[in-house]
Amino acid sequence: IHTTVSTIFRFVMFSHRWGEGEPCLHDIQGRAIYDMPPSGGIKKLQKFCLTAFKRGYLWAWSDTCCIDKTSSAELQEAIGSMFGWYRRSHLTIVYLADIAESGSFDSSQWFGRGWTLQELLAPDTMLFYARNWSLYKNIESSNHKTDDAILEELTRATGIGSRSLTNFTPGVDDARSRLQWASSRRTTRPEDIAYSLFGIFNLHLPVLYGESVEFALGRLLGEIVSQSGDISTLDW
């Protein structure tokens, strides 16, 4: 029974660079997304769900519309749980809207965003899709994280070694390297650069939108040093 239920409720997570017209929960609640006009973020959501369905999945999750962002309590819970959700996914689909199927990871903005770092490290199984929703470089695979050519490109684009890309454990070990991975990434809200790292360090801290980025990072670094005892982390 457990195997049957687990198979039915396998779910796919979505990772992407947000764009114009992304639908929120209240835009799609109680509506069939395939009946909605296929424009902007709706079209992207439809393509994601269809791609997941074609791969045999009945459940799919997108950060644009599966969180009630008007609820501060739900947003706090989601940010604290996000790494775990991606880790438990059966598949994470990454959509690179700014590269062609023969393009290069180096040219995609996805690799420069703060939240996508944990979305890269957490899943065990990932597939990258290009602008036209074909597999990246037409590399047919059930998991791009097991493809040597893809891993080599990922390491070049991120500076993260293949072992961390394929077998990452959240926590405060080697905190300096983990902070350096995030150092060149950006978020729309400055304080999110700290919040986007909570899962990577396996920390559960309050999300306080409106605080300065310096205070948010200060709280993060303080907790890392408190748990690891390694003050060299401050020199990242």
Side-chain angles (χ1 to χ4, degrees), residues 13 15-19 63 75-76 78-87 92 94-99 103-124 126 128 136 144-145 150-236:
M13 297 288 283
S15 180
H16 62 113
R17 172 78 167 91
W18 281 42
D63 56 353
L75 188 58
Q76 169 87 43
I79 289 174
S81 304
M82 196 76 68
F83 186 96
W85 292 345
Y86 278 94
R87 174 55 55 91
T92 290
V94 180
Y95 178 56
L96 306 176
D98 51 359
I99 64 170
S104 169
F105 283 153
D106 294 331
S107 60
S108 177
Q109 293 183 18
W110 187 86
F111 291 93
R113 305 306 297 172
W115 288 105
T116 58
L117 178 58
Q118 71 173 356
E119 294 165 17
L120 171 66
L121 294 171
D124 293 321
M126 301 184 78
F128 291 87
Y136 179 67
H144 280 158
K145 278 194 170 185
I150 293 280
L151 279 176
E152 186 177 336
E153 276 200 66
L154 285 173
T155 294
R156 284 201 307 269
T158 63
I160 303 171
S162 60
R163 183 175 181 180
S164 294
L165 289 169
T166 58
N167 191 30
F168 180 79
T169 301
V172 296
D173 293 340
D174 197 18
R176 195 164 180 265
S177 292
R178 298 177 183 200
L179 288 166
Q180 288 173 343
W181 297 341
S183 62
S184 61
R185 292 173 177 258
R186 298 292 179 266
T187 54
T188 301
R189 298 189 68 154
E191 59 269 46
D192 270 340
I193 199 61
Y195 307 157
S196 66
L197 297 175
F198 286 179
I200 288 172
F201 290 106
N202 196 25
L203 299 176
H204 300 278
L205 297 170
V207 174
L208 306 172
Y209 279 114
E211 68 177 328
S212 68
V213 62
E214 292 82 7
F215 191 78
L217 283 171
R219 290 195 296 117
L220 173 67
L221 292 171
E223 189 64 22
I224 291 171
V225 171
S226 174
Q227 291 198 21
S228 69
D230 181 8
I231 61 172
S232 69
T233 300
L234 300 175
D235 184 28
W236 59 286

task: Using the side chain to side chain contact (heavy atoms under 4.5 Å, CB included) rule, take I99 and Y136 through it: C-alpha gap first, then chi angles, then the decisive distance, then the call.
output: CA-CA 9 Å; I99 64 170; Y136 179 67; 3.6 Å; yes

- prompt: For R113, which residues count as a side-chain hydrogen bond (donor to acceptor under 3.5 Å, both in side chains) partner, sequence neighbours excluded?
  reply: T188

- prompt: Of all residues at least two apart in sequence or in a different chain, which pass the side-chain hydrogen bond (donor to acceptor under 3.5 Å, both in side chains) check with R156?
  reply: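 Partners of R156 by the side-chain hydrogen bond (donor to acceptor under 3.5 Å, both in side chains) criterion, ordered by chain and then number, come out as E152.
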
message: Could you tell me if S108 and R17 have a donor-acceptor pair between their side chains, going purely by distance under 3.5 Å?
response: no

Check whether any side-chain N or O of [X] sits under 3.5 Å from a backbone N or O of [Y] as a donor-acceptor pair, and report yes or no.
X: E153; Y: S104; result: no
X: Y195; Y: L208; result: yes
X: K145; Y: L120; result: yes
X: D98; Y: Q109; result: yes
X: T233; Y: R176; result: no
X: E191; Y: Y209; result: no

Under 3.5 Å, which donor-acceptor pairs link side chains of residues 219-228 to any protein atom two or more places apart or in another chain?
| residue | atom | partner | partner atom | Å |
| --- | --- | --- | --- | --- |
| R219 | NE | E211 | OE1 | 3.3 |
| R219 | NH1 | P206 | O | 3.1 |
| R219 | NH2 | P206 | O | 2.9 |
| R219 | NH2 | E211 | OE2 | 2.6 |
| E223 | OE2 | Q227 | NE2 | 3.1 |
| S228 | OG | I224 | O | 2.8 |
| S228 | OG | D230 | N | 3.2 |

query: Could you go step by step and tell me if F201 and L179 meet the side chain to side chain contact (heavy atoms under 4.5 Å, CB included) rule?
result: CA-CA 10 Å; F201 290 106; L179 288 166; 3.9 Å; yes

Using a 4.5 Å cut-off on heavy atoms from C-beta on, say whether the side chain of [Y] contacts that of [X].
X: F168; Y: R87; result: yes
X: V207; Y: L75; result: no
X: T116; Y: V94; result: no

For the [atom1] atom of [X] and the [atom2] atom of [Y], what is their distance to the nearest 0.5 Å?
X: W110; Y: R185; atom1: CH2; atom2: CZ; result: 7.0 Å
X: L154; Y: S164; atom1: CG; atom2: OG; result: 12.5 Å
X: L121; Y: Y86; atom1: CG; atom2: OH; result: 12.5 Å

- prompt: Does the pair F105 and T155 meet the rule for a side chain to side chain contact (heavy atoms under 4.5 Å, CB included), with working shown?
  reply: CA-CA 10 Å; F105 283 153; T155 294; over 6 Å; no

What is the minimum heavy-atom distance between [X] and [Y], and which atoms define it?
X: G210; Y: R189; result: N-NH2, 4.1 Å
X: T92; Y: S15; result: CG2-CB, 4.2 Å
X: L165; Y: I160; result: CD1-O, 3.6 Å

- request: Report the relative orientation of the aromatic rings in F128 and F111; use parallel for angles under 30°, tilted for 30 to 60°, perpendicular for over 60°.
  value: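 Correct class here is parallel.
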
- prompt: Could you go step by step and tell me if D63 and W18 meet the side chain to side chain contact (heavy atoms under 4.5 Å, CB included) rule?
  reply: CA-CA 10 Å; D63 56 353; W18 281 42; 3.2 Å; yes

